[in-house]
Amino acid sequence: MKQLSLSELRKEMEDILEPKRYEHTLGVAYTAANLAVIHGEDTEKALVAGMLHDCAKCISFEKQRSICLKHNVELSEPEKFDDSCGQLLHAKAGAVLAKEKYGIENEDILNAIFYHTTGRPGMSLLEKIIYIADYIEPGRKHIKGTAYCPENDVFTEARRTSFRDLDEALVMILENTLAYLHEKGCKIDPATQLTYDYYSSKLKLK
Ligand code: DGI
Ligand code: FE
Ligand code: FE
């Protein structure tokens, strides 16, 4: 299958995503391209991964699940259930769609989509860029009254830090995501916790 061009992918996303999700997608793609320039990653890869990272976000949980089951994707316990915070499965379903529907063959791009919600220990440069761009893109708004928006503005800090040190930005984002999930009573995916543990220990050794 031929991979669609970036502008074809953009049109596809405009068609299938809700308007706000599409705006967010563009923000992630362009933020990822900037981070790619700064940190020495291929900008085309960053644009494609950013453009597709949420391609499964606007489909039902049942559909996401059937896509994963059909392609033998292993699911974690929290991913199997559509609890009140069911935000996890779109990442893995999105990686399947990127390959099967949009013809992406590059494993690094597919992994960046697959791990964009939880992260994983030992992420590639592109995986880190997409994970961080997803959080810091300019349209990402504060969620007031939750740990997402503590007194010290984590968005501003994470945005600044990501241009200097990706691992430090990762830890900042993971710390806030974990606090937010605890506060909301959401199940923590083992991958999210492992990623935090891995990068916070790595930072201490620096
Ligand atoms: O799809 P986006 O909203 O752009 O961003 P995302 O793919 O990073 O998803 C963000 C949501 O995923 C956010 O509400 C926090 C949630 N999330 C991240 N790690 C975990 C998680 N949710 C659960 N239940 N468990 C996790 O470990
Ligand atoms: Fe997402
Ligand atoms: Fe996103």
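Whatever order the structure lists them in is the order used to number ligands and atoms, beginning at 1.
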Tell me the contacting part of [X] for ligand 1: side chain, backbone, both, or neither, using a 4.0 Å heavy-atom threshold, strictly below.
| X | value |
| --- | --- |
| T192 | side chain |
| H24 | side chain |
| E137 | neither |
| V28 | neither |
| R140 | side chain |

- line: Taken to the nearest 0.5 Å, the spacing of Y102 OH from E8 CD works out to 12.0 Å

field: Atom name, D134 (N, O or S, nearest to the Fe ion (ligand 3))
entry: OD1

field: Residue-ligand contact Q193/ligand 1, heavy atom below 4.0 Å
entry: no

Return the minimal non-hydrogen interatomic distance between [X] and [Y], and the atom names on each side.
| X | Y | result |
| --- | --- | --- |
| Q87 | T117 | O-CG2, 4.1 Å |
| L166 | I132 | O-CD1, 3.5 Å |
| A169 | T161 | N-CG2, 3.7 Å |
| S162 | I136 | OG-CD1, 3.3 Å |

task: Check the pair E77, K187 against salt bridge (charged side-chain N to carboxylate O under 4.0 Å, His left out), reporting the backbone distance first and the verdict last.
output: CA-CA 9 Å; E77 279 308 305; K187 295 190 186 92; over 6 Å; no

Check this for me - ligand 1, [X], N or O atoms closer than 3.5 angstrom, yes or no?
| X | result |
| --- | --- |
| K57 | yes |
| H53 | no |
| Q87 | no |
| D54 | yes |
| H116 | yes |

The Fe ion (ligand 2) reached by H90 (N, O or S, under 2.8 Å): yes

- prompt: So, D54 and the Fe ion (ligand 2): N/O/S under 2.8 Å, yes or no?
  reply: yes

Where ligand 1 meets [X] - atom numbers and elements under 4.0 angstrom, heavy-atom basis:
| X | result |
| --- | --- |
| H90 | 1 (O), 7 (O) |
| D134 | 4 (O), 5 (O), 6 (P), 7 (O), 8 (O) |
| C186 | 24 (N) |
| R21 | 1 (O), 2 (P), 3 (O), 4 (O) |

- request: Could you confirm whether E137 has any N/O/S atom lying under 2.8 Å from the Fe ion (ligand 3)?
  value: no

query: Hey, is there an N, O or S on H24 sitting under 2.8 Å from the Fe ion (ligand 3)?
result: yes

field: More than 12 heavy atoms of other groups within 6.0 Å of R21 CZ
entry: yes

- request: Apply salt bridge (charged side-chain N to carboxylate O under 4.0 Å, His left out) to the pair R65 and E62, showing each step before the final yes or no.
  value: CA-CA 5 Å; R65 189 158 66 169; E62 280 313 320; 3.4 Å; yes

message: Tell me whether H53 contacts the main-chain N or O of G50 through its side chain, where contact means a donor paired with an acceptor under 3.5 Å.
response: yes

message: Heavy atoms only: which of D189, T177, T195, L181 lies closest to atom 20 (C) of ligand 1?
response: L181

Close side-chain approach of Y135 to T177, heavy-atom, < 4.5 Å: yes

Check ion pair K99-E105 (N to O, under 4.0 angstrom): no

K20 bridged to E23 by N-O distance under 4.0 Å: no

field: Check: H90 ring centre within less than 6.0 Å of H116 ring centre
entry: yes

